[in-house]
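See structure below.
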Amino acid sequence: MITVTVNGQRHDIDADPNMPLLWAIRDILGLTGTKYGCGAAQCGACTVHLNGESIRSCCTKLSRAAGQQIVTIEGLSANNNHPLQLAWNEMNVPQCGYCQSGQLMSAAVLLRENPNPTDQDIDDAMSGNICRCGTYQRIRAAIHRAAELAKEGAKS
Amino acid sequence: MVTSIIALSFKTEPAKKKNNTATVVKDSIGSVRAFMSVYKVLMSPRCMNCHPAGDQPLQGDDNHIHTMNVKRGVDGHGVYSMRCSNCHQAENDPGVHLPPGNPKWGLPPANMRMVFQGRTPRQLAIQLLDPKQNGGRTKAQLIDHMTNDGLVGWAWHPGEGRTLPPMTRAAFAAKVRLWIAKGAYVPSAKAK
Ligand code: FES
Ligand code: FES
């Protein structure tokens, strides 16, 4: 039995410790917002947070998450109101949407560590998240917008 | 008290003598020859790819820049949502083209870059011996690092589809020891 906290909730998972964390999240816990793209740490669609750091859950064993805090796209904010989610909505970022939960989870780490990122910072943080629809321009613009929203939120 | 310490030190003396391996005579030719073997290993892709000249790790036997625009970062472990351990686990993921892994996976930090790529044998030998450029290591610590460090050792267990350095780790460790024991001589500027 492996105990993992996902989005603040404790789960005892009865599964092979070598199971990819992504499998446990999607198939056992039923949280299907996190996507399977490549299964080889090449695309970023499966990005979740482990103790606040982005990890690729397709190549991370369930055992690495034992006793740790996992946050998935479903837990990024309580009411879908993380500045990134608001900006994403405002700027219609997604095309097909498949890569977007991974994009948001990666962008969230960037904004936490750097509330005022330049284009270069955004490229450095986001180049591992591939978007087959090519929404990169909107992603970059929406990260800048989210940085603004976060500042406005902090003021009000 | 004093006598007991003296007695103790006398008692340990013969044992120390037996272990004494520092009988190698200084020999500039032998020392440099040993270093040239060490150099070949350090320039192999499994070692050099994480000791790049720039601030991006390298991949593959052709030493191409790591895909995904991966950066060194201040601590050598990447930046933001592009940290090494986001993909690289504590061990190799099984299968070709899957991320290799080690608990310490990363580059040298930005303030101690320990570049191998592009260094001549002479430049690399000087750099390895200089505590200001080698992470503050004495010669003994340098030997220990090359012989016992787990991340260095990964090069000999690199996972499926990756070529090995040109000699075993034991042979490599022996060459490192020989290089230092024979005087830690540095190759001439002409050595390649
Ligand atoms: S599915 Fe994990 S990186 Fe592509
Ligand atoms: S929106 Fe379709 S893959 Fe990114």
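So that the names make sense, note that chain A is the first sequence line, chain B the second, and so on, each numbered from 1.
Looking at A:D121, both its backbone and its side chain come within 4.5 Å of chain B, counting heavy atoms on both sides.
Among all heavy-atom pairs drawn from B:M68 and A:S127, the shortest one is O-CB, 3.2 Å.
Both B:I143 and B:I126 belong to a single network of hydrophobic side chains, linked directly or stepwise wherever heavy atoms of I, L, V, M, F, W or Y lie under 4.5 Å apart. The hydrophobic cluster containing A:W23 also contains A:I55, counting ILVMFWY residues as joined when their side-chain heavy atoms lie under 4.5 angstrom apart, directly or transitively. The cluster map of Ile, Leu, Val, Met, Phe, Trp and Tyr, joined by side-chain heavy atoms under 4.5 Å apart, puts B:I65 and B:M48 in different clusters. Follow the hydrophobic side-chain contacts under 4.5 Å out from A:L104 and you never reach A:V6; the two are in separate clusters. Both B:Y39 and B:I180 are assigned to one and the same hydrophobic cluster, defined by single-linkage of ILVMFWY side chains at heavy-atom distances under 4.5 Å.
Interface summary for chain B: among A:T60, A:D124, A:L110, A:I130, the most heavy-atom pairs under 4.5 angstrom belong to A:D124. Highest contact tally toward chain B, considering only A:M105, A:M126, A:Q42, is held by A:Q42 [criterion: heavy-atom pairs under 4.5 Å].
Taking non-hydrogen atoms and a 4.5 Å limit, the residue list of residues 73-85 of chain B in contact with chain A, ordered by number, reads B:V79, B:Y80, B:S81, B:M82, B:R83, B:S85. Contacts between residues 89-122 of chain B and chain A, counted as heavy-atom pairs separated by less than 4.5 Å, involve B:Q89, B:E91, B:D93, B:H97, B:L98, B:P99.
The only option from A:S106, A:C59, A:S54 that meets the side chain to side chain contact (heavy atoms under 4.5 Å, CB included) definition with B:N86 turns out to be A:S54.
Crowding of B:K175 atom NZ: a count of heavy atoms from other residues, nucleotides or ligands under 6.0 Å not exceeding 12. The neighbour count for A:I28 CD1, taken as heavy atoms of other residues, nucleotides or ligands under 6.0 Å away, is above 12. For A:R112, the CZ atom counts as densely surrounded, since its 6.0 Å shell holds more than 12 non-hydrogen atoms of other residues, nucleotides or ligands.
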